[in-house]
Amino acid sequence: MGWTQSYAPDQPQVRCLICDAPNATDVVVCSECAAPMALVHDAIAQGRAPQIISVLGESNVGKTVYLGFLLDMLSQRAKEFEAIPKGAYSVDLQQNVVSSMTSRCFPEKTAMEPDRWHWAYYQARKAGGRKSKWYDLVMPDMAGESLAAEIANPATYRVIRSLLSRSAGSLLLVDAALAANGASRPDFFALKMMSYIDSLFQGKRDQKVQTPVAVVLCKADHCPESFDDTSRFVQGNLSRLWNLCESRFQTVEYFACSAVGSLAYATGRDEDGVDYVRPIPLHTSLQGILEPFEWLISKI
Amino acid sequence: MADLENLIASLPSTLEAPIECDRAIFTSLPSPTGEGYRLVSWSAGVRSEERVELTRRAPSHDSILDETRHGRATMVTRLASSGRVMVLLARHAGEEHTRRGGSRVWSDILLLTAADYARIGSHPFPLGEALAHEPIPKIAARGSSVGLGRMLLSNRLPAYVPALCDSVPAERVAGMAASLVSGRETVAAAGPNCAALVASALAMLPSCLRGHVDFAAGLRVSRARQVRTTVVERLDLDVQRATRGQRIECLDEAELSVGLAPAWAPWLRLMARWWGTGRTELASRLADRLSAGWDQGAVARLVGLCDAIDRQEEAPDALVSFLMRRAAA
């Protein structure tokens with residue numbers, strides 16, 4: 001079959017959970033979108049289809065750090081959440097993030113190629129005895145550049161389109177520090193991202209998109225006022241995003257979060273003689289990581 | 001045999017007029033409107049659908065297997081959107097600009113028609129050499145992209161002289177060449193400096209055959225490349241994970257042999273023999289001569305003639321006469 005040939009219909013097949021492409025039963029990653037086929041096998045074992053939560057944001061906003069810490073908090077029963085990773089591959093991301101931050105460095109940039117993304121499949125529920133509902137959640141850590149490329153030219157990455165079309169909810173991460181300093185780039189990216197989501201559902205003008213979206217202001221330690229009144233902060237500093245959310249989305253909530261307690265900057269000169277400044281996270285201080293997820297779960 | 005080399009070298013060149021090709025650069029740079037890996041610059045002839053495909057297939061962060069600052073990778077393939085040949089030359093270009101670790105991957109991309117690629121011998125080496133002499137594009141670290149001009153390839157492109165002839169057994173180079181033309185989707189392990197091994201293997205193939213080869217050498221295995229042959233340093237867990245169940249052949253170094261392409265085995269054995277006996281330049285020049293119009297049958301007859309010359313049953317002039325008759329026909 002390979003990567004450049006079409007699938008042979010006479011072979012036993014399993015359909016990918018994300019893109020629905022047929023695959024042989026023994027493949028590890030989908031031949032079409034590179035999603036782990038373990039998602040399918042685990043979903044079959046559970047007897048129910050998982051719900052996809054997309055973590056979106058531009059490059060360098062902090063998606064990997066946010067998702068890694070979120071998963072780590074869930075697996076440690078933060079805020080009475082009980083969460084179980086389905087498959088060892090689901091733990092790779094949080095291990096990568098925690099070990100990097102422990103070493104006082106940010107995790108490396110996520111590669112654009114979908115087969116190099118981290119995928120997490122978790123079962124989670126809020127503690128409440130036997131009556132509390134279990135959620136099967138699939139959360140891929142996508143590269144910001146891939147999202148940007150897909151927004152600019154839809155169908156560049158079909159896996160992103162498939163993911164967002166099937167998402168039960170989305171976490172849109174926005175760089176609050178840049179926005180607070182007057183940069184318009186976070187606002188424009190968020191506007192494009194939400195427009196893209198809006199276009200996927202192609203509702204009538206008076207029909208709003210029903211998929212819940214949590215807008216998460218990252219790096220909010222740079223602008224503590226965003227914790228006090230997040231909605232007002234968004235309205236003032238991300239007005240384009242605010243207006244689109246109010247007009248086209250039924251279920252939107254705004255949150256502020258921070259992962260880094262204090263940041264230092266190392267300066268030096270690299271091998272090519274170029275001066276550089278490297279941010280160093282001195283310690284982590286998690287604020288507002290779980291709340292967006294908690295809200296999203298309640299809306300699914 | 002030096003006479004034979006001189007005779008072959010004296011045959012007229014097929015590259016008469018300069019060739020223009022389009023260029024693009026894919027790397028990670030910050031700008032007012034965005035940052036991260038994307039096409040930062042391209043010449044006017046690069047079409048929008050080509051740019052979409054280049055974005056999808058080009059290597060991004062941490063894609064070059066050789067993590068030293070001298071690490072290189074090469075990828076040659078046909079674009080599905082336009083049919084043009086893409087020659088991608090990737091290298092490390094300093095540290096990734098957000099300083100999160102790892103080097104920035106800089107990919108110079110050249111686009112040319114299949115006919116133009118055939119005119120330069122269907123080998124990426126001349127393009128790499130020509131690119132090295134181009135002025136570095138003025139793309140400011142924090143500025144917007146600057147449009148690239150098209151690149152002009154002169155009619156005096158340097159011929160490729162294989163560099164691995166002394167350090168790598170000729171049979172292994174021939175085996176790599178066989179894997180490139182086997183027709184099967186393959187991931188082949190070639191040890192360190194795999195991009196150089198592939199360059200040498202290409203030099204062994206007849207020029208008419210090189211144009212059908214698409215490969216990625218020195219890059220991490222990824223289905224995003226959409227190439228038939230991926231050449232890596234070793235078959236590690238990443239390779240196993242990416243290829244399991246995909247009906248992709250994985251070959252380690254010991255499994256590279258001319259038997260992978262039985263139809264071309266006689267030619268590759270001839271090339272391996274000439275390489276092993278110090279006639280590397282002769283072999284390369286002869287392979288370069290076999291451009292359009294040479295089919296498997298004609299190459300087989302040529303191999304028979306070369307074998308006869310080596311056994312001293314025929315004079316070296318017979319080969320030149322054979323080549324000149326083919327060229328005239």
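Just so it is clear: chains get the letters A, B, ... in the order the sequence lines come, proteins before strands, and each one is counted from 1.
- Both the backbone and the side chain of Ser63(B) have a heavy atom closer than 4.5 Å to some heavy atom of chain A.
- Interface with chain B: from residues 60-69 of chain A, residues Asn60(A) qualify, criterion being any non-hydrogen pair under 4.5 Å.
- Side-chain contact between Arg223(B) and Pro114(A) is absent, with no heavy-atom pair separated by less than 4.5 Å.
- Between Glu96(B) and Lys109(A), at least one side-chain nitrogen of the basic residue sits less than 4.0 Å from a carboxylate oxygen of the acidic one, meeting the salt-bridge criterion.
- Only the backbone of Ala58(B) comes within less than 4.5 Å of a heavy atom of chain A; no side-chain atom from C-beta onward does.
- Between the Arg100(B) side chain and the Phe106(A) main chain, no donor and acceptor come within less than 3.5 Å of each other.
- Here the side chains of Met112(A) and Phe26(B) are in contact, with some heavy-atom distance below 4.5 Å.
- For Ala148(A), no part sits under 4.5 Å from any heavy atom of chain B, backbone or side chain.
- Looking at Arg51(B), neither its backbone nor its side chain comes within 4.5 Å of chain A, counting heavy atoms on both sides.
- Counting heavy atoms from C-beta on, the side chains of Arg99(B) and Val277(A) never come closer than 4.5 Å.
- Side-chain atoms of Arg185(A) and Glu35(B), non-hydrogen and from C-beta on, do get closer than 4.5 Å to each other.
- Enclosure of atom CZ in Arg240(A) by more than 12 non-hydrogen atoms of other residues, nucleotides or ligands within 6.0 angstrom is indicated.
- Scanning both residues, Pro36(A) and Arg241(B), for their nearest heavy atoms gives CB-NH2, 4.5 Å.
- Contact annotation for Ala155(A): only backbone heavy atoms (N, CA, C, O) come within less than 4.5 Å of a heavy atom of chain B.
- Comparing Ala80(B), Ser28(B), Pro59(B), Gly101(B) by how many heavy-atom pairs each has under 4.5 Å with chain A, the most go to Gly101(B).
- In this structure the side chain of Glu145(A) never reaches within 4.5 angstrom of the side chain of Arg38(B), judged on heavy atoms.
- Chain A forms more heavy-atom pairs under 4.5 Å with one residue of Arg56(B), Glu249(B), Glu53(B) than with any other, namely Arg56(B).
- Side chains of Glu113(A) and Ser60(B): a donor-acceptor N/O pair is present below 3.5 angstrom, by distance only.
- Nearest heavy atom pair, residue Gly245(B) against residue Val27(A), reads O-CG1, 3.1 Å.
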Carefully, step by step, assess Asp26(A) and Arg247(B) under the rule salt bridge (charged side-chain N to carboxylate O under 4.0 Å, His left out). CA-CA 10 Å; Asp26(A) 55 343; Arg247(B) 309 296 186 265; 3.8 Å; yes

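- Interface remark: Phe188(A) contributes no atoms to any contact with chain B (heavy atom separation under 4.5 Å).
- Here the side chains of Arg116(A) and Arg220(B) are in contact, with some heavy-atom distance below 4.5 Å.
- Once rounded to the nearest 0.5 Å, the distance linking OG1 of Thr110(A) with CG of Asp62(B) reads 11.0 Å.
- To the nearest 0.5 Å, atoms OG (Ser146(A)) and OH (Tyr37(B)) are separated by 12.0 Å.
- For the residue pair Gly102(B) and Glu108(A), the shortest heavy atom distance occurs at N-OE2, 3.9 Å.
- Within a 6.0 Å radius of CZ in Arg234(B), no more than 12 heavy atoms belonging to other residues, nucleotides or ligands are found.
- Contact annotation for Arg69(B): only side-chain heavy atoms (C-beta onward) come within less than 4.5 Å of a heavy atom of chain A.
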